[in-house]
Amino acid sequence: MQRAIDLFYKFLEFLLILLLSGMAIMVFLNVVLRYGFNSGLNVSDELSRYFFVWVTFIGAVVTFREHSHVGVETLVMMFGRRGRIICMILSNIIIIAVSAIFFWGTWKQAPINASMVAPVTKLPMIWVYGIGFFTGAGVVIIALERLFRLLTGRITEEEIAAFAGEHMSLEQLSERT
């Protein structure tokens with residue numbers, strides 16, 4: 001099962017590479033066309049914006065899995081093991097609540113987005129904003145799994161250290177601020 005999950009995240013990372021590359025190529029091509037030939041591709045502007053939205057929200061799930069989101073390690077480092085576990089539990093409960101609200105908001109907005117189309121590509125806007133389903137559900141599932149392992153005592157010391165920012169060098173910590 002863990003192998004399948006790892007494979008899924010490798011696929012997501014590959015998808016992020018494709019989206020970011022596509023976005024860079026489209027923007028570069030459009031810049032060359034506009035400055036060199038006084039023309040451009042309207043579809044390029046629209047798709048690069050949508051790719052950016054998808055990169056952001058897919059990346060949020062991948063980043064959450066890797067414990068790479070910005071945290072308040074300075075505060076958490078002050079606590080002992082028990083305090084860190086309590087902070088992890090509270091953090092995951094808040095994350096679950098916020099991500100569930102995000103998913104629910106996407107659900108409520110979906111009929112409107114499904115009925116609207118993009119001006120150039122005529123793509124239904126649900127394909128753009130529907131990424132909220134993936135992000136909301138993905139983060140909730142990861143946080144629920146972490147919360148389950150916290151409450152059953154299956155959390156590893158490495159994960160507690162990662163949550164507290166102890167696995168990072170000073171350079172890595174300074175990059176996150």
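We number each residue from 1, following the sequence as shown.
- With sequence neighbours left out, the salt bridge (charged side-chain N to carboxylate O under 4.0 Å, His left out) criterion links Arg49 to no other residue.
- Distance check: Cys87 SG to Leu150 CG gives 11.0 Å after rounding to the nearest 0.5 Å.
- With values rounded to the nearest 0.5 angstrom, Ile142 atom CD1 is found 10.0 Å from Ile95 atom CD1.
- Using a 4.5 Å cut-off on side-chain heavy atoms (C-beta onward), Gln109 and Trp104 make no contact.
- In this structure, CG in Leu12 is found 9.5 Å from CZ in Arg65, a value given to the nearest 0.5 Å.
- By the 4.5 Å heavy-atom criterion applied to side chains, Phe64 and Val61 are not counted as neighbours.
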**Request:** Evaluate side-chain contact (heavy atoms from CB on, under 4.5 Å) for Leu41 paired with Arg34, printing each intermediate quantity in order.
**Result:** CA-CA 9 Å; Leu41 300 172; Arg34 284 196 179 152; over 6 Å; no
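- Taking the six-membered ring for Trp, Phe102 and Phe57 have ring centres closer than 6.0 Å.
- A 4.5 Å side-chain heavy-atom check between Thr135 and Ile58 finds every atom pair outside the cut-off.
- Sequence neighbours left out, the pairs with a member in residues 84-100 that pass salt bridge (charged side-chain N to carboxylate O under 4.0 Å, His left out) are Arg84-Glu166.
- No side-chain heavy atom of Phe103 sits under 4.5 Å from any side-chain heavy atom of Val140.
- Asn42 is not listed as a side-chain neighbour of Glu46, based on a closest heavy-atom distance of 4.5 Å or more.
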**Request:** Go through the steps for Glu159 and Thr156 under the test side chain to side chain donor-acceptor pair (under 3.5 Å), then give the verdict.
**Result:** CA-CA 5 Å; Glu159 288 176 285; Thr156 65; 3.1 Å; yes
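- Taking 4.5 Å as the limit, every side-chain heavy atom of Leu20 sits out of range of all side-chain heavy atoms of Leu16.
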